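Presented below is the structure to which this report refers.
Computation of the quantities below employed the complete heavy-atom set of this structure, encompassing side-chain atoms and omitting hydrogens, waters and symmetry-equivalent molecules. Predicted model only: the values in this text are computed from it and were never measured.
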Amino acid sequence: MITVCAVLQPHETTQAPIGRPVPNTCVYILDERGRLLPEGAVGELCLSGPFLGPGYLGRPDLTAQKYVANPFAKPGHETLYRTGDLARWRPDGRLECLGRTDFQVKIRGYRIEPQEISAVLLAQPGIQAAFVEAVDQGTRHLVAFVVAEPGQDSALMEPALKAALAKVLPSYMMPHRYVWLAALPLTDRGKIDRRALVALAPEPGRQVNTASPRDDLELRLYNIWSSVLLHPNIGLRDNFFDIGGTSLSAIKIVHRINAELGTALAVTEIIAHPTIEDLGGVLRAGRERQRPQNPICFRKGGGAVNVVCIHPGGGTAFAYLSLAKELPEDHGVWGIQSVGVYPGDEMLPDIGAMADHYIGLIGDLLDRPLVITGASFGGMVAYEMVRRLHLAGHDTATAVMLDALGSDDPAITENETLSDAAEFRSKLVTYNGMFPGIDDAQIDQYHRIYNHNTLASRRWNFRRNDGRVILIQAIRGRNRAQLRFLRFFWHMRSKGRFLFKCTAGDHSTMLEGDDVRRIAQIITKVLAGRLMPTGGK
């Protein structure tokens with residue numbers, strides 16, 4: 001048996017060393033290829049010397065695996081014992097044990113020892129305990145379970161903790177999430193209860209709109225990342241280094257961000273906050289809210305044909321970036337935000353006022369083929385815009401309504417019930433609207449405008465429309481009678497040219513996956529003149 005000894009000093013409150021080898025015992029810290037590692041590098045702890053046992057009783061297979069020829073042999077040290085423990089040499093010549101090779105995990109193609117990350121966390125001020133574990137929740141990622149010292153505010157500590165880790169760890173070793181606990185759960189034997197920890201990692205709830213920006217800042221970051229990385233489809237939570245990011249491109253992106261936004265961002269912030277969502281949260285903390293131009297330009301295109309996307313009930317139009325990505329490059333794509341989407345702004349009184357105001361915003365586009373589209377509430381406004389444009393002699397526009405839920409049932413049209421704050425926040429989480437750095441005033445304004453638009457949709461009397469109207473219905477979760485009723489509501493009012501199409505998803509997935517690709521194909525055919533509503537009554 002090999003033993004090591006150490007005296008723990010009073011000031012050593014983090015990872016305790018296991019001391020130095022006893023006389024006539026050699027310790028080696030080796031990498032996966034059996035090469036010696038320098039001071040501070042983590043590898044497998046291996047031993048040699050006359051005190052080694054002959055092997056495992058009755059386990060010749062394990063003995064052959066663990067007791068191997070010593071490439072650094074000297075007399076009495078011909079056999080090398082591979083302990084399976086991970087360790088490293090400290091600057092003072094003592095050893096520090098960091099866990100087992102059995103607990104190594106593979107993340108993004110890299111083999112990682114999570115407790116090496118734990119050791120770095122424990123070295124940070126204000127941290128009482130920490131344990132990093134790989135958690136499988138659809139994809140495997142690292143979760144840091146952290147206990148702060150008494151009196152510390154975890155919400156304030158987390159950004160500083162990420163920044164500190166980014167200075168000493170490569171990007172693939174950065175924890176994906178942090179879970180703050182009062183204490184780490186222990187087994188009856190006093191060891192970390194790994195199963196209990198994994199159970200404490202909250203399962204991510206069902207969300208939609210996880211790829212598209214949600215405000216002007218995220219859209220500007222998206223445009224900068226796209227132009228530097230030349231990646232065709234960047235999502236808000238895509239890791240910078242997973243989509244082709246390098247140290248050189250990080251420098252370029254930070255330079256562009258600082259030049260365009262007037263910030264003083266450091267390159268290490270990309271490592272600490274390697275997603276558009278996280279980086280946006282950092283920038284919002286030190287930046288006054290800026291309002292985007294209305295309409296938002298997703299893409300100017302070639303100028304010959306255009307698509308205008310009207311905000312849904314929540315008031316913002318950034319979710320339509322997913323549609324813009326699927327449409328041909330020569331199509332101009334624009335998004336119209338609701339008037340009143342920012343705190344302190346007043347809202348337009350009804351759908352008619354919105355239609356008139358939004359028509360004024362797109363006056364330069366009315367002399368060429370145009371699709372005015374909108375999801376849910378936005379489809380209702382698109383319908384009214386095309387109706388008014390046709391009455392005014394403009395016949396270039398087609399309304400493409402994405403699952404707009406019209407009704408003339410008094411039980412609905414006269415209903416004054418609105419969502420409360422808790423219900424709305426839950427909906428905001430589902431639609432991925434609770435982004436880092438959002439303040440309570442903005443959430444309250446989103447809630448106000450959502451309820452305002454809900455009432456506006458119930459109260460508006462949708463009149464005869466002699467323009468072109470296409471209804472695209474989501475069929476999942478509805479029976480045939482419901483689909484027929486919704487189709488009938490719009491068909492009876494579209495006295496000019498009406499057409500309906502379907503997508504396989506539900507109301508919440510219209511701007512995602514196969515649904516948004518089908519919608520883009522329909523819009524492309526409309527603008528090419530290959531799919532036009534006909535008939536009428």
Side-chain angles (χ1 to χ4, degrees), residues 206-209 309-310 312-314 319-320 322-323 326 351 371-387 398-415 417 419 423 426-427 430-431 450 453-526 530-537:
R206 179 180 182 271
Q207 288 188 317
V208 295
N209 186 34
C309 308
I310 310 300
Y320 293 108
S322 59
L323 176 59
E326 299 295 336
I351 287 177
V371 161
I372 304 177
T373 188
S376 193
F377 177 80
M380 299 178 181
V381 181
Y383 175 95
E384 187 62 24
M385 289 173 69
V386 168
R387 189 185 79 84
T398 301
V400 177
M401 308 165 67
L402 309 182
D403 213 39
L405 307 179
S407 176
D408 50 11
D409 183 351
I412 294 175
T413 59
E414 298 174 9
N415 184 5
T417 304
S419 67
E423 178 188 350
S426 175
K427 187 182 291 287
T430 298
Y431 283 87
Y450 176 79
N453 289 339
T454 298
L455 288 178
S457 67
R458 295 171 184 167
R459 294 169 176 171
W460 187 250
N461 178 25
F462 292 96
R463 300 177 180 86
R464 172 188 175 118
N465 190 340
D466 291 317
R468 292 185 298 274
V469 177
I470 296 177
L471 172 66
I472 302 180
Q473 290 185 289
I475 63 174
R476 186 190 301 153
R478 294 178 181 145
N479 58 42
R480 290 186 178 182
Q482 291 172 318
L483 292 170
R484 284 198 200 99
F485 174 81
L486 292 169
R487 193 180 306 150
F488 180 77
F489 177 87
W490 294 113
H491 195 179
M492 290 301 295
R493 287 158 177 78
S494 301
K495 299 297 185 179
R497 291 148 287 181
F498 179 80
L499 180 68
F500 76 88
K501 295 287 184 178
C502 294
T503 65
D506 59 32
H507 186 74
S508 66
T509 64
M510 294 295 282
L511 295 173
E512 296 197 327
D514 291 340
D515 289 354
V516 75
R517 283 188 281 275
R518 174 161 170 75
I519 290 166
Q521 290 168 0
I522 292 170
I523 290 175
T524 301
K525 289 179 180 178
V526 170
R530 293 186 286 114
L531 181 66
M532 300 298 287
T534 58
K537 292 186 179 180

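- Partners of S376 under the side-chain hydrogen bond (donor to acceptor under 3.5 Å, both in side chains) rule, at least two apart in sequence or in another chain, are H507.
- Rounded to the nearest 0.5 Å, atoms CD1 (I523) and CD1 (I372) are 11.5 Å apart.
- L405 contributes atom CG, which lies 9.0 Å from atom CD of Q473 (distance to the nearest 0.5 angstrom).
- The structure places CG of L499 at 5.5 Å from CG of L531, a figure rounded to the nearest 0.5 Å.
- Of all non-hydrogen atoms in A399 and A382, the two that sit nearest each other are CB-O, 3.9 Å.
- A cation-pi contact, defined as under 6.0 Å to the ring centre and within 45° of the axis, is absent between R387 and Y383.
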Verdict with supporting geometry, D403 and R478, side-chain contact (heavy atoms from CB on, under 4.5 Å): CA-CA 12 Å; D403 213 39; R478 294 178 181 145; 2.7 Å; yes

Between T373 and I472, does the side-chain contact (heavy atoms from CB on, under 4.5 Å) criterion hold? Intermediate values first, please. CA-CA 10 Å; T373 188; I472 302 180; over 6 Å; no

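- Considering every non-hydrogen atom in both S322 and L511, the closest pair reads OG-O, 2.8 Å.
- Neither side chain, D409 nor S407, offers a donor N or O lying under 3.5 Å from an acceptor on the other.
- With sequence neighbours excluded, the residues satisfying ring-ring contact (aromatic ring centres under 6.0 Å, His included) with Y450 are F424.
- R497 CZ to M532 CE: the interatomic distance, rounded to the nearest 0.5 Å, is 7.0 Å.
- With a 6.0 Å cutoff to the six-membered ring centre and a 45° limit on the axis angle, R493 does not count as a cation-pi contact of F462.
- Here the shortest heavy-atom pairing between G467 and V386 reads CA-CG1, 4.1 Å.
- Counting non-hydrogen atoms of other residues, nucleotides and ligands closer than 6.0 Å to CZ of R484 gives a total of 12 or fewer.
- The minimum heavy-atom distance linking L486 with G406 is given by the pair CD2-O, 3.8 Å.
- The two residues Y320 and A375 have their closest heavy-atom pair at OH-N, 2.8 Å.
- Considering all non-hydrogen atoms of both residues, D408 and F489 come closest at N-CE1, 3.6 Å.
- Contact of the T454 side chain with the F377 side chain is not registered, since no non-hydrogen atoms from C-beta on lie closer than 4.5 Å.
- Using a 4.5 Å heavy-atom threshold, the side chains of M401 and W490 count as touching.
- Residues D515 and R518 are not paired through a salt bridge, judged by the lack of any N-O separation under 4.0 Å between the basic side chain and the carboxylate.
- Here CZ of R458 is found 6.5 Å from OG1 of T417. Values are rounded to the nearest 0.5 Å.
- In this structure, the separation between OG1 on T524 and CD on E326 is 9.5 Å, given to the nearest 0.5 Å.
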